[in-house]
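Each chain gets a letter, A, B and so on, in the order the sequences are listed, and its residues count up from 1.
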2 protein chains.
Amino acid sequence: MSDKSKPTTGRKVRVDAERNRLRLLETAKGVFADKGSAASLEEIARDAGVGIGTLYRHFPTRDALIEAVYRNETEQLMAAATRLAKERPPVEALRAWLLVFVDYMAIKHGMSEALSSLVCGPSDLYASSGAKITEAVSMLVKNATANSDIRLSIEPLDLLRALAGVATIAAGPSGSDAAKRLVDILLAGISTRT
Amino acid sequence: MSDKSKPTTGRKVRVDAERNRLRLLETAKGVFADKGSAASLEEIARDAGVGIGTLYRHFPTRDALIEAVYRNETEQLMAAATRLAKERPPVEALRAWLLVFVDYMAIKHGMSEALSSLVCGPSDLYASSGAKITEAVSMLVKNATANSDIRLSIEPLDLLRALAGVATIAAGPSGSDAAKRLVDILLAGISTRT
DNA sequence: TTTATATACGGAGGCTTGCTCCGTTTATCA
DNA sequence: TGATAAACGGAGCAAGCCTCCGTATATAAA
């Protein structure tokens, strides 16, 4: 993270460019949360007070913008995974993290949609963020299996996909509750304890 | 099903109208499967060899078309539920039906997306089809709980939502396998047997 | 068979949105 | 204080959604 984004030139990054980039990210976060990731990019540019051309220069595709917006969120999920792994016994850490995941999806309405694509990734677009989340959940799962708390007969990511599915489809508070109950069912389903 | 759609008049339904209706349904099924339910309606009309106006007369909204396309599918799901409930013990019937559900979602790529909306229904659009599927899964679940095979701590529909989520997000054969493993985990999670 | 007419057809056209291109403006550096 | 590389931003084209209405035709009556 020490590069100035343009190592090929001596010029510093212009402050207006960086400012607009941040304004766009902030605005996009709000708009995506409100209207889902299919929201109008023109609206985002307008709300951010920049031209549509500026938006497209910073983020050449819709997906590039989405990825940038949610990179921050995925990093928080990663951090939570690391912290929980240290603080709690394996299976509890896993449960707690899954609940954190559900909360993230619930709070940011539109985010669940984005996270779905992200968790999936037949496209390479979300590859880096997706890889991080995979890493997080895999670590938690590995700890729990090593401890013989659970037997895993499914890809760790598929657990997230199921949660993402419920949260995506049934948005709102009731969907969140459903997702939380689903966490218990899933954990019971893969538990070695009777 | 004995009405001629226009009981207010003596005229028969014109054969060209019915033919175009069927062509549109058939074409839409293919295009939705290929490109998801956001596919261009103009393309569907073009492929079906009719004008865009004709498409809109038969199906005033995109959702009307989607609903019509998948009504047939949901009826098959209903039929399968009824049949399985008669032929097998409760919990097996439930498992078998969930697997049928997964297969449906896997085979028709684009359908999973439509079914997601359908299974959800904050909109009334898919109300009738959604209600049928709810009915089907509820019956199977009720049988199994009455038999004390499972304890249900979650809405039956949420089971489908989880499956839909996995199938939607991870399309293709691997997604299908994942969804099938998920069925086992879910059933283990709500089973009363240790 | 011929005629009358209800009904369906289909595309032009108005509108919105996605995305590109390029002339104008401005922050940086010498 | 220029020179200039870089960013800005909106005009403009393409594509899609949906409506409207003149034209074509299947059906029913004579």
Side-chain angles (χ1 to χ4, degrees), chain A residues 3-28 31-32 34-69 110 113-114 117 123 125, chain B residues 3-28 31-32 34-69 110 113-114 117 123 125:
Chain A
D3 63 331
K4 294 285 186 291
S5 301
K6 291 284 180 185
T8 55
T9 160
R11 287 254 173 146
K12 279 201 297 192
V13 173
R14 279 173 58 159
V15 297
D16 53 348
E18 185 59 17
R19 188 186 58 229
N20 280 338
R21 201 187 122 84
L22 292 178
R23 287 179 66 91
L24 280 167
L25 278 176
E26 199 61 29
T27 307
V31 174
F32 282 149
D34 276 357
K35 313 200 171 174
S37 56
S40 161
L41 296 189
E42 314 240 346
E43 177 185 347
I44 291 173
R46 229 181 301 125
D47 287 6
V50 305
I52 184 65
T54 298
L55 184 152
Y56 274 97
R57 188 162 347 87
H58 284 298
F59 309 100
T61 66
R62 172 182 297 274
D63 290 313
L65 180 56
I66 294 175
E67 161 110 29
V69 165
E113 194 182 337
S117 315
S123 68
L125 299 165
Chain B
D3 62 332
K4 294 285 185 290
S5 301
K6 291 285 180 185
T8 53
T9 161
R11 288 259 173 141
K12 281 201 294 191
V13 172
R14 281 172 56 159
V15 297
D16 53 348
E18 184 59 16
R19 188 187 57 228
N20 281 338
R21 199 187 123 85
L22 292 179
R23 288 178 66 90
L24 281 168
L25 278 177
E26 198 62 28
T27 307
V31 174
F32 282 150
D34 276 356
K35 313 199 173 178
S37 56
S40 160
L41 297 189
E42 314 238 347
E43 177 184 346
I44 291 173
R46 230 180 298 127
D47 286 6
V50 306
I52 184 66
T54 299
L55 184 151
Y56 274 97
R57 189 161 346 87
H58 284 296
F59 309 100
T61 67
R62 171 182 299 272
D63 291 313
L65 179 56
I66 294 175
E67 161 110 31
V69 166
E113 193 183 338
S117 315
S123 67
L125 300 164

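- Phosphate contact (OP1/OP2 of D:dA7, side-chain N/O of A:Thr54, threshold under 4.0 Å): absent.
- Residue whose closest nucleotide on DNA chain D sits further toward the 5' end, between B:Pro60 and B:Asp16: B:Pro60.
- In this structure, A:Arg23 atom CZ and D:dG9 atom C1' are separated by 14 Å, rounded to whole Å.
- You'll find that the side chain of A:Ala17 is closest to D:dC8, out of D:dT27, C:dG18, D:dC8.
- Contacts of B:Ala39 with the nucleic acid, taken as non-hydrogen atoms under 4.0 Å apart, involve only primed sugar atoms and P, OP1 or OP2.
- Between the P atom of C:dC21 and the CZ atom of A:Arg57 lies a distance of 13 Å, rounded to the nearest Å.
- Spacing between atom CG of B:Leu41 and atom P of C:dG10 amounts to 16 Å, rounded to whole angstrom units.
- In terms of position on DNA chain C, the residue among A:Arg46 and B:Gly51 whose nearest nucleotide sits closer to the 5' end is B:Gly51.
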### Task
Please step through side chain to side chain contact (heavy atoms under 4.5 Å, CB included) for the pair B:Glu26 and B:Arg23, ending with a clear verdict.
CA-CA 5 Å; B:Glu26 198 62 28; B:Arg23 288 178 66 90; 5.8 Å; no

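- What separates CG of A:Leu22 from P of D:dC8 is a distance of 12 Å, to the nearest Å.
- Residues A:Arg19 and A:Leu22 are not in side-chain contact: their nearest non-hydrogen atoms beyond the backbone lie 4.5 Å or more apart.
- Within the model, atoms CZ of B:Arg46 and OG1 of B:Thr27 stand 12.0 Å from one another, a figure rounded to the nearest 0.5 Å.
- When the side-chain nitrogen and oxygen atoms of A:Asn20 are compared with OP1 and OP2 of D:dA7, none of them lie within a distance under 4.0 Å.
- With D:dA28, C:dC19, D:dC18 as the candidates, the nucleotide lying closest to the side chain of A:Tyr56 is C:dC19.
- At the phosphate of C:dT26, neither OP1 nor OP2 sits under 4.0 Å from any side-chain N or O atom of A:Arg14.
- A:Lys35 places its NZ atom 11 Å from the P atom of C:dG18, with the value rounded to the nearest Å.
- OP1 or OP2 of D:dC8 sits under 4.0 Å from a side-chain N or O of A:His58.
- Taking atom CD1 of A:Ile44 as the reference point, atom C1' of C:dT16 lies 16 Å away to the nearest angstrom.
- Of the candidates A:Ile52, A:Leu65, A:Val69, A:Leu25, A:Ile44 forms a side-chain contact (heavy atoms from CB on, under 4.5 Å) with just one, namely A:Leu65.
- Side-chain nitrogen and oxygen atoms of A:Ser40 include none within less than 4.0 Å of the OP1 or OP2 phosphate oxygen of C:dT16.
- Note that OG1 of A:Thr61 is 10.0 Å distant from CZ of A:Phe59, once rounded to the nearest 0.5 Å.
- A:Ala45 and A:Leu24 get closest at one heavy-atom pair: CA-CD2, 4.3 Å.
- Atom P of nucleotide D:dG10 and atom CG of A:Leu55 are separated by 13 Å, given to the nearest angstrom.
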Name the pairs: protein N/O against N/O of nucleotides 11-15 of chain D, kept only if under 3.5 Å.
none

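- In this entry the distance linking CZ of A:Arg19 with C1' of C:dT25 reads 13 Å, nearest Å.
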